[in-house]
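Notes to accompany the following structure.
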Amino acid sequence: MAVCAASTTPSLRSPCCASNPTKTYFGFSQRQQVIFYTGGRRSSGRGGKNNSQAFYCSAEAQTVVIGLAADSGCGKSTFMRRMTSVFGGAAEPPRGGNPDSNTLISDTTTVICLDDYHSLDRTGRKEKGVTALDPRANNFDLMYEQVKALKEGVPVEKPIYNHVTGLLDPPELIQPPKILVIEGLHPMYDPRVRDLLDFSIYLDISNEVKFAWKIQRDMAERGHSLESIKASIESRKPDFDAYIDPQKQYADAVIDVLPTQLIPDDNEGKVLRVRLIMKEGSKYFSPVYLFDEGSTISWIPCGRKLTCSYPGIKFFYGPDAYFSHEVSVLEMDGQFDKLDELIYVESHLSNISTKFYGEVTQQMLKHADFPGSNNGTGLFQTIIGLKIRDLYEQIITEKAAAPAEAAKV
Ligand SMILES: Nc1ncnc2c1ncn2[C@@H]1O[C@H](COP(=O)(O)OP(=O)(O)OP(=O)(O)O)[C@@H](O)[C@H]1O
Ligand SMILES: O=C(CO)[C@H](O)[C@H](O)COP(=O)(O)O
């Protein structure tokens with residue numbers, strides 16, 4: 001069957017669409033299936049009812065879908081910026097659209113924020129006494145339908161949750177990208193959505209570190225008081241524990257961020273111990289390793305090749321079990337003094353899916369101003385970005401080979 005691919009601009013529509021001229025709607029052919037959303041509204045009050053309608057033709061699966069789960073303020077946006085940068089080109093909100101859109105589009109990737117599937121707006125949640133983390137405040141049916149549609153190459157009209165006003169805004173048109181990233185509180189919560197994911201990541205930020213980051217951002221940058229930050233974290237905790245945290249058991253990779261063990265009783269949260277937990281046995285993802293695959297290794301690289309001031313840097317690598325899954329764990333405790341010396345560490349890591357020697361270091365240097373660039377958060381986010389590129393290329397190569405193989409038979 002010919003692939004009726006939806007392209008980002010009507011003029012670039014694939015020949016099969018062009019040869020089936022029909023009325024266009026919002027700039028794409030009505031022969032394509034479009035999942036419409038009709039629940040958004042600008043006015044205040046209770047959350048709108050979400051409906052969807054499906055139209056016409058089908059398309060073959062073509063979009064690779066990545067899930068990124070984490071609590072609010074835990075580094076999802078920073079991770080996304082690192083990941084999209086691996087594919088080149090800047091990620092920007094949809095051109096000419098809602099200035100408060102949460103979507104980021106680049107040549108290869110589209111990142112949608114799952115906050116857009118809140119079914120209750122801020123007032124609605126307050127009236128019902130539920131947090132945004134509560135599944136009752138989210139429309140999982142629509143999330144499933146729209147992620148499925150995009151994965152199948154079908155554009156959707158996705159709602160927008162406006163973080164400035166706290167309201168549900170009119171929807172925006174999302175075209176199927178090569179790589180769709182769904183980031184937010186619940187990408188792995190609903191089993192139907194989970195099954196659509198080709199790869200999933202969970203950012204597991206320990207309470208101590210989450211608190212330190214919240215203070216840094218919400219107190220220093222947004223003028224919130226210490227008490228209000230504490231109260232906000234406490235009020236979210238029961239729902240976080242019930243609905244968000246359990247998703248980590250489904251992730252292909254978890255970035256676990258903990259206080260350092262190099263400074264006794266550290267409670268500043270500035271020096272971090274970061275663990276990259278990688279599930280074994282995934283078809284398109286083979287874990288990174290240090291020195292020797294499958295061995296257990298402790299490595300202190302400080303010395304002439306890596307400048308390390310107090311408290312130094314310590315790596316660990318080895319096999320482990322995580323929610324009864326076999327995993328490999330790569331850990332880095334401490335921070336780099338000179339980012340360009342990271343090349344020394346990179347040269348001892350294998351399976352990092354780089355295209356040339358030093359690509360990890362180059363990516364890290366490119367974004368030296370991003371939070372976490374001097375520690376394991378930035379390093380592991382960059383490596384996962386490269387692994388996602390590799391996974392995408394494997395899937396695309398396999399799909400391209402499939403018709404040729406079938407023809408041979
Ligand atoms: N690796 C890191 N090291 C230190 N601080 C970090 C790191 N990642 C994020 N932060 C801190 O957390 C804040 C939030 O980061 P970011 O905007 O990436 O998170 P988010 O999960 O997208 O947040 P939200 O969901 O609230 O938009 C940053 O402003 C920074 O203060
Ligand atoms: O947990 C969150 C995800 O980012 C937000 O708190 C949720 O989306 C509600 O947003 P707001 O606080 O702007 O009403």
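All figures in this text were calculated on a predicted structure; none of them were measured in a lab. We number each residue from 1, following the sequence as shown. Start at 1 and go down the list; that is how both ligands and their atoms are numbered.
In this structure a side-chain-to-backbone donor-acceptor pair under 3.5 Å is missing from N98 to P170. A donor-acceptor pair under 3.5 Å links the side-chain atoms of D337 to the main chain of S309, judged by distance alone. Between the side chain of Q146 and the main chain of E157, a donor-acceptor pair closer than 3.5 Å is present. Within the 3.5 Å criterion, the main-chain N or O of A137 finds a donor-acceptor partner in the side chain of S119.
Residue contact check: D115 has heavy atoms under 4.0 Å from atoms 3 (C), 4 (O), 8 (O) of ligand 2. Shown in contact with G372 at under 4.0 Å from a heavy atom are these atoms of ligand 1, numbered in order with element: 1 (N), 2 (C), 3 (N). Heavy-atom contacts of H118 reach the following atoms of ligand 2: 7 (C), 8 (O), 9 (C) (cutoff under 4.0 Å). Residue A132 has at least one heavy-atom neighbour below 4.0 Å for each of these atoms of ligand 2: 7 (C), 9 (C). When each atom of ligand 1 is checked for a heavy atom of C74 under 4.0 Å away, the hits are 19 (O), 20 (P), 21 (O).
For atom 9 (C) of ligand 2, the choice among R122, K76, R125 with the nearest heavy atom turns out to be R125.
For G73, the closest heavy-atom approach to ligand 1 falls below 4.0 Å.
Between the side chains of S350 and E293, no donor-acceptor pair is found at a separation under 3.5 Å.
For the pair Q381 and ligand 1, the shortest N or O to N or O distance does not fall below 3.5 Å. Backbone and side-chain nitrogen or oxygen atoms of D71 are examined, and none is located within less than 3.5 angstrom of a nitrogen or oxygen of ligand 2. An N or O contact shorter than 3.5 Å is missing between L272 and ligand 1 by distance.
The closest protein non-hydrogen atom to atom 2 (C) of ligand 1 is W213 CZ2, 3.2 Å. Of the protein's non-hydrogen atoms, the one nearest atom 19 (O) of ligand 1 is G75 N, 2.9 Å. Nearest to atom 30 (C) of ligand 1 among the protein's heavy atoms is Q216 NE2, 3.9 Å. Distance from atom 14 (C) of ligand 1 to its nearest protein heavy atom, with residue and atom name: R217 NH1, 3.7 Å. The nearest protein atom to atom 17 (O) of ligand 1, hydrogens excluded, is given as S77 OG, 3.6 Å; this is a heavy-atom distance. Ranking the protein heavy atoms by distance from atom 18 (O) of ligand 1 puts T78 OG1, 2.6 Å first. With respect to atom 14 (O) of ligand 2, the closest heavy atom belonging to the protein is Y161 OH, 2.6 Å. When hydrogens are left out, the protein atom nearest atom 25 (O) of ligand 1 is K76 NZ, 3.1 Å; that is the closest non-hydrogen contact. Among protein heavy atoms, atom 1 (O) of ligand 2 sits closest to R236 NH2, 2.6 Å. Atom 1 (N) of ligand 1 has as its closest protein heavy atom T377 OG1, 2.8 Å.
Summarising the geometry of P177 relative to T108, their closest heavy-atom pair is CB-O, 4.0 Å, with the distance given to 0.1 Å. In terms of heavy-atom proximity, K279 sits nearest to Q249 at NZ-O, 3.5 Å.
Look at D141 and R192 and you find a salt bridge, because one of the NZ, NE, NH1 or NH2 atoms lies within 4.0 Å of a carboxylate O, short of that distance. A salt bridge is defined here as a Lys NZ or Arg NE, NH1 or NH2 lying under 4.0 Å from an Asp or Glu carboxylate O, and K151 with D198 meets this definition.
By the 6.0 Å and 45° rule, K387 does not stack over the aromatic ring of F199.
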side-chain hydrogen bond (donor to acceptor under 3.5 Å, both in side chains) assessment of T78 paired with Q381: CA-CA 9 Å; T78 310; Q381 288 175 3; 5.9 Å; no
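In this pair, H367 and F370 present their aromatic rings parallel. The plane angle is below 30°, not in the 30 to 60° band. A tilted orientation is assigned to the rings of F315 and W299, their planes being inclined by 30° to 60°.
With a 4.0 Å cut-off on non-hydrogen atoms, L185 touches ligand 2 through its side chain and not its backbone.
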